[in-house]
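Structure record follows, encoded as structure tokens.
In what follows, every chain begins at residue 1, and chains take the letters A, B, ... in the order their sequences are listed.
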Amino acid sequence: RKEVEQDPGPFNVPEGATVAFNCTYSNSASQSFFWYRQDCRKEPKLLMSVYSSGNEDGRFTAQLNRASQYISLLIRDSKLSDSATYLCVVNPPGNDYKLSFGAGTTVTVRA
Amino acid sequence: DTGVSQDPRHKITKRGQNVTFRCDPISEHNRLYWYRQTLGQGPEFLTYFQNEAQLEKSRLLSDRFSAERPKGSFSTLEIQRTEQGDSAMYLCASSPNVAKNIQYFGAGTRLSVL
């Protein structure tokens, strides 16, 4: 079983729509969680950290469900510029440096 | 530009040749990482340095791969006797030595082995 699994999508949504997707992680003792964004043929960039209580950054909301071992990302009022691949990232237990990435969920926002 | 920089951005080589990539991390970051990413996949961890010490190497890093960070600043990743399966994007990242492991990535070196 992969450490981090994501629905690859693609999620095709119109501008202004809300889109949400999850990822699951295999190690229940994982400590840190992140969403990174990756544009086509570019480097991953941190979108937001995910905290146990859930957190919001503008139009983006991240939730962590430790009992079911999944992380979610919700994007409200989608913009064309939100089109990207969203990578779910987990810091496995036992170290504070190695990141495990999911394969990414592709979101395409259309006009 | 004070971000992570990588050189070259693209490298085309013939099978069997050796290649070397360079990464310059953010200056105050003492942690440096190498990842490999292939199409449709997320980055996969290769190796990690804290200052000049290489503290972990993934099993993905065969004996044809070697990484160095001699002075705790820039790092190099060398691949000897390249194979077509080595074709990928090689990403470098750096982070400060704090509990929250937020890593900042460079633009990567795209390697094509013909």
Side-chain angles (χ1 to χ4, degrees), chain A residues 1-10 21 23-27 29-52 55 57 62 64 71 73 84-107, chain B residues 1 3-7 9-10 21 23 25-26 29-51 53-61 69 88-112:
Chain A
R1 184 182 172 189
K2 290 184 178 179
E3 286 190 78
V4 182
E5 297 205 57
Q6 294 185 248
D7 180 346
F21 42 89
C23 90
T24 58
Y25 59 95
S26 61
N27 195 318
S30 297
Q31 294 296 317
S32 301
F33 309 89
F34 310 91
W35 284 103
Y36 274 71
R37 171 197 169 123
Q38 188 170 30
D39 294 306
C40 188
R41 302 180 82 84
K42 297 288 183 75
E43 73 272 25
K45 293 184 178 179
L46 178 70
L47 179 67
M48 58 197 302
S49 301
V50 185
Y51 302 116
S52 296
N55 48 299
D57 183 0
L64 169 62
I71 307 153
L73 181 66
T85 295
Y86 292 85
L87 299 166
C88 177
V89 186
V90 175
N91 195 175
N95 67 75
D96 65 350
Y97 54 84
K98 186 188 299 185
L99 296 181
S100 294
F101 285 78
T105 297
T106 299
V107 173
Chain B
D1 187 351
V4 178
S5 63
Q6 293 188 245
D7 183 71
R9 294 291 308 277
H10 304 275
F21 311 141
C23 170
I26 294 171
H29 288 181
N30 58 6
R31 293 183 169 190
L32 186 147
Y33 316 80
W34 285 98
Y35 291 82
R36 181 172 68 189
Q37 186 174 25
T38 53
L39 196 62
Q41 300 299 315
E44 295 175 292
F45 173 83
L46 293 179
T47 191
Y48 155 63
F49 290 85
Q50 179 150 326
N51 299 311
Q54 187 174 20
L55 297 184
E56 184 166 340
K57 293 170 59 173
S58 163
R59 58 180 172 77
L60 295 175
L61 218 62
R69 194 183 183 198
M89 174 75 88
Y90 290 85
L91 292 161
C92 177
S94 70
S95 70
N97 192 14
V98 294
K100 195 70 169 178
N101 184 21
I102 294 175
Q103 297 182 17
Y104 300 86
F105 283 81
T109 295
R110 185 169 297 279
L111 173 66
S112 297

(request) Tell me, for Gln6(A) versus chain B, whether the close heavy atoms (under 4.5 Å) come from the side chain, the backbone, both or neither. (result) neither
(message) I'd like to verify something: which residue of Pro43(B), Ala93(B), Ser58(B), Ala107(B) has the highest number of heavy-atom pairs under 4.5 Å with chain A?
(response) Pro43(B)
(message) Shorter than 4.5 Å, heavy atoms on both sides: which option in Glu56(B), Gln6(B), Met89(B) has the most such pairs with chain A?
(response) Glu56(B)
(request) Go through the atoms of Tyr48(B) and report whether side chain, backbone, both or neither lie under 4.5 Å from a heavy atom of chain A. (result) side chain
(message) Using a 3.5 Å distance criterion without hydrogens, assess whether the side chain of Arg69(B) forms a donor-acceptor pair with backbone atoms of Asn51(B).
(response) yes
(message) Given heavy-atom pairs under 4.5 angstrom as the criterion, report whether the side chain, backbone, both or neither of Gln37(B) touches chain A.
(response) side chain
(request) For chain A, find which of Arg110(B), Glu44(B), Gln41(B) contributes the most heavy-atom pairs closer than 4.5 angstrom. (result) Arg110(B)
(request) Apply the side-chain contact (heavy atoms from CB on, under 4.5 Å) test between Val90(A) and each candidate in Ile71(A), Asn27(A), Leu99(A); give the one that qualifies. (result) Ile71(A)
(request) Keeping the roles fixed (side chain from Asp7(A), backbone from Gly9(A)), state whether a donor-acceptor pair exists under 3.5 Å. (result) yes
(request) Determine, for Arg37(A) against Asp39(A), whether the closest basic-nitrogen to carboxylate-oxygen distance falls under 4.0 angstrom. (result) yes
(message) With no hydrogens and no angle check, just 3.5 Å: does a side-chain donor-acceptor pair link Tyr97(A) and Gln50(B)?
(response) no
